[in-house]
Each structure stands twice: as C-alpha cells, then as structure tokens.
2 protein chains.
Amino acid sequence: MSPAPLYRQIADAVRMDISTGRLPPGSKLPSERELIDRFGAARGTVRAGLNVLITEGLITPAQGRGYQVQQHEVFTLDASRHENLLFSRPEDGDSFNNDVTQVGRTSSQELRVEVTEASAEAATRLEIPIGDRVVLRYCRYFVDETPWSIQATQYPWWLVNAHPRLADPVDVREGTTRYLADRGVKQVDFHDEWSTRMPTPDEARELQIGPGVPILVWVRTGYSPASQPLRRTVTVLRGDLSRVTYDIGDRKSSPHREAEGQ
Amino acid sequence: MSPAPLYRQIADAVRMDISTGRLPPGSKLPSERELIDRFGAARGTVRAGLNVLITEGLITPAQGRGYQVQQHEVFTLDASRHENLLFSRPEDGDSFNNDVTQVGRTSSQELRVEVTEASAEAATRLEIPIGDRVVLRYCRYFVDETPWSIQATQYPWWLVNAHPRLADPVDVREGTTRYLADRGVKQVDFHDEWSTRMPTPDEARELQIGPGVPILVWVRTGYSPASQPLRRTVTVLRGDLSRVTYDIGDRKSSPHREAEGQ
DNA sequence: AAGTGGTCTAGACCACGTA
DNA sequence: ACGTGGTCTAGACCACTTC
C-alpha cells in the first residue's frame, strides 16, 4: 500500500477532528498558514486538502474570516400530507406557510407569475400539446430568512381560463390548491418524482448554497378525480436544510418527530 | 462588475460546450495541455476550472485517459409500491430484483447478516431499549453490475426469535417482507424519511462514485396493523443513478414512465 | 496594519493507460 | 515511448475582514 497523498492526509486529519467533535459545527478551523506549518506542506497542498472537505459539504471558506465547520437547521416537509386537503382546514391557508409556522419558525416568499409556453416535460405531464400556453407561478420560499426552496408550478390554460386568479401576480391567500378546491376543482391524486444532484450555478446563487451542498428535485403532478392533470410543480430544495417524509398506509399519525444527527 | 476569474471563465466555457451538446455525454474533453494553450493559463488554473465541473457532477477525470462528460442510466424506484404486498404476488420474490428485471435490466446483491446492538436512532424507531439485540441484514445491490445502493435493515430481537430465518446469513428467496407476511406478520404501514448529502469516503468507495455525486438517504420504518414497528431500513442510493416516485391517492396506475433529461 | 482566503504562475516528478 | 491526469513546491499579488 502506498501512503495516501499528503493533501488527503490533511483532509482526513481535519475530517477526524470534525467527526470527533474536536471541531464542533460552527467553529473556526486553523488557518491555512497554521496547517502549512503543522503538515510541512506548500499552501497549494493544504488548500487541496481543505477543498476535499468543502466538496464533502463539511466546511465553508470565507474570505478574510477563515474556514468554518458547517452547521444546519433542518426543516422537515411531510410530502404525503402537504397540500392534501384531507389533512388541512380551509382556515389554515397556504400549506407551506402553515407547515413552517407550526414548528415555531417564520416563513416568507417571493412570487412571480408569467404566461409562457409549456416545456416538453410539462406538456407531457399535463397532457397538452408542447408549446401550449400555461401559467407559470414561480416562488422562492424562505424559512427564518434563509432561502429554502424554489418552486415553479405550471397550470394548463384551460384551467386558468376557468379560474382566473391562477394568473394573478399576487398571493392567493388561501393557497392555490384550496382556491381551486373551493371552486370545485379537487386534486385528489398526486404523482411525485424525487432526484438529487449538484446545483447549477444559477440555483446555487438563488438558494445561497456553496460547493458541496446538493439539492433535492421534487416534481409533483396533481390530478382531478377523473385523473385529469391539473398542474405540475417543480420544487428545488436545499439538500443541507431539508428532510422529507412520507407516510404510507392508514396509520393516523406518525409517532416520531425527533431530529436525527447527520 | 469585475470580470470573472480565469478559472471560472474556463469552467463556464466548458460547461457551455456540455449543455449545448457540443460535448455530448460520454465524450472526451480536450486535454489539460490543450486548454492551457487555448486559454493561455497555467496548468493549475485550468485544473481549478475543471475541478468546478467535477464538483458539479458534470465530468469525471481518469488518469491516463483524460476527462469525460458524465453519462447516467437512471433507474427509477417506485417507493409507494416497493415492498407493498398489495402490489406484488407471492411468486414475484424479492421486490428489488423484481423491479429491476421488469425493466429489462439485471440485478445482483451481496448480503451480510450480523447480530448487533441497536443504535440510538434504530432503537427509537423500533421502540426498544438502546443497545438491545437486533439482527442487522446488510446488503449491497447492483443494477447491471454497477453498485446502486447499500441497505441496512435492523429487526428487533423479539421478531427474530419468532421467525428465525431473519438471522440466516443467506438470501431469503421470496424476500423478507413476504417471508414475514406468509407467517402472519404483515407490514401495512410505512414511515419514510428522505434526505440528501455528499457521501462519506466509505460510501463513495462502496458505491464507486467520484466527487460531485450526491447520495439519497432513505429511512423506512415498517409497522404491523397494530402499529408495532417491525423493522427499520436505511438505504443509501447513488444520486446520479436514482429516481424515486410516490403515487398518492387512488389512481390505479401511473400513466407516465418516460425518462426525463437531467 | 495585520491576518485571512482567492487567484495565478512556472516549474517538477510520478502513476496510469494506450499503443 | 508517449500522452494523460495526479501530486507537490515556492513563490507572487489581490480582496476581504477584523482590529
């Protein structure tokens, strides 16, 4: 066995300090110059080692302030209840806002509404021709002032015609799902797709995430009782701040809600 | 606006070549020496630029062979059907194997069985004391010879006592869920938790993933009709090869199965 | 002003893969 | 043998933060 290269030894040593708690979340790492002395390495080698930990999502660098051990406040989303009318009352309003405030945190959002043409994926899901007109409701959600997710929902034009507030460039206070339900358009079935990947530079900027933090991509299609697709929502969630749960079956409530170490 | 640093310009230029299709998935990138000439940069600068794309999961380097644009063959897992006895017949056998062969691909697995003590998280989920004896069934799954997931299931000791094949260090041919069901122990409710993060070095080695590829972590707890926890399974999935779906509601089948670009 | 990380250069030698 | 990436050095100057 050849020995591990020096930059890996540096990464392993610092990673060990983090996992054993010698460097707790939020604490400051030794400076590059200190590590140069400790390991007798050139600066480039030390930086290569620290770079490993950055791409593992363990530390973040800040110009002029040194490196810091990452710390997260995870927010849990219950996807099997979320937007499910059976589990929300009309007075609860927007489901995201509701979920957040219920655990004692604050939420805010930025909304943008456009009329555009359906992308190929959206058209397939919505069972309309590619390029058909759709309303796109684009929203960025914040938990405690931190960007948490970006959401883009497309509604088919026939639905917007019948329910024009979908195209309002302002909040639909009670939530669009509830708005539609109150007008007789109920979403009773959902098809969800989940995947993960590293963010594009644009996504990283909008969610304010650095290198080493992946995102969750959630594509939800909502259906009427007649199995007609009513909308398609793409949500991009910060991986370091998100946990998602599903309950399958008839159990009334999920008994466990504790945080788990990552 | 100050101009972007040179290494970012290099990353952006190559990323553009990839996203426009000039460099299709699987193709070879220009060598570092070529990029040095094209951009008039030092080697370290070119490598810094390529490193950005590596951590974005867009390219992979291979010593002696150059850089290559990443390509994936995504495998979709239907989590709301998976292991659900309502959707599988006894003769189907192990559900993972079944899911894989049904789409014309081959699966294999490595199994290891241990008797250990319950971790804190597992004990909470299984509603047993911390440190209680459990059987741990550890399995690595392959799709088409590629490592795809690592799975660790813990069964409480009272269940193993009653159904001893759970501790057999060999495959339970029909699948453990079916084995238990046939002996009157039905799992009817599931609680699932999903999160994403970068792999630890160990996970990266076992799943054969390079930098820039995140993982999905899936924690499933299975319950009896009396809401007694029967098992807790932690699955670690390669993010670049995995898509997960849930169907919520009564719709018989999900009408759409097409691949989507990533 | 002093200390931190960010960018960049110009070399060197090694390890791996292909031919 | 040759071309590829992998590791490493020893500098330099800049930008930002803290004091």
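The sequence lines fix the lettering, A, B, ..., with proteins before strands; numbering per chain opens at 1. Values below: every heavy atom of this structure, side chains too, minus hydrogens, waters and symmetry copies.
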>> Looking only at the side chains, is there a donor atom on one of B:Thr235 and B:Gln151 sitting less than 3.5 Å from an acceptor on the other?
In response: yes
>> Rounding to an integer number of Å, can you tell me how far A:Leu35 CG sits from D:dT9 C1'?
In response: 17 Å
>> If you go through the side-chain atoms of B:Arg33, does one of them form a donor-acceptor pair with the base of D:dG5 closer than 3.5 Å?
In response: yes
>> I want to check one thing: is the phosphate of D:dT4, taken as OP1 and OP2, less than 4.0 Å away from some side-chain N or O of B:Ser31?
In response: yes
>> Distance check needed: C:dG6 C1' versus B:Asn51 CG, whole Å only.
In response: 14 Å
> Want to settle it: does B:Leu29 or A:Pro5 sit nearer the 5' end of DNA chain D, counting the closest nucleotide to each?
Replying inline: B:Leu29
> A:Arg65 CZ to C:dG6 P: how many Å, rounded?
Replying inline: 11 Å
>> Does D:dT7 have OP1 or OP2 under 4.0 Å away from a side-chain N or O of A:Thr45?
In response: no
>> By the 4.0 Å heavy-atom rule, please label A:Ala41 as base, sugar-phosphate, or nothing.
In response: sugar-phosphate
> So with a 6.0 Å cut-off around CD of A:Glu73, is the heavy-atom count from everything else above 12?
Replying inline: no
> Separation of B:Tyr67 atom OH from C:dG17 atom P, in whole Å?
Replying inline: 15 Å
> Tell me: CD of A:Glu32 to C1' of C:dC8, nearest whole Å?
Replying inline: 14 Å
> Going by distance alone, is a donor N or O of one side chain under 3.5 Å from an acceptor N or O of the other, for B:Thr233 and B:Arg231?
Replying inline: yes
> In whole angstrom, what separates A:Ile59's CD1 from C:dT4's P?
Replying inline: 15 Å
> Taking N and O atoms by type only, does the side chain of B:Arg43 place a donor or acceptor under 3.5 Å from a partner on the base of D:dG6?
Replying inline: yes
> Sub-3.5 Å donor-acceptor pair from the side chain of B:Thr196 to the main-chain atoms of B:Ile215, do we have one?
Replying inline: yes
>> Could you tell me if B:Thr76 and B:Asp78 have a donor-acceptor pair between their side chains, going purely by distance under 3.5 Å?
In response: no
>> Below the 4.0 Å mark, does C:dT9 have OP1 or OP2 next to a side-chain nitrogen or oxygen of B:Tyr7?
In response: no
> Contact class for A:Gly49 vs. all strands (heavy atom < 4.0 Å): base, sugar-phosphate, or nothing?
Replying inline: nothing
> Once you round it to whole Å, what is the distance between P of D:dA12 and CZ of A:Arg47?
Replying inline: 17 Å
> Which whole-number value in Å describes the distance from A:Lys28 NZ to D:dT18 C1'?
Replying inline: 11 Å
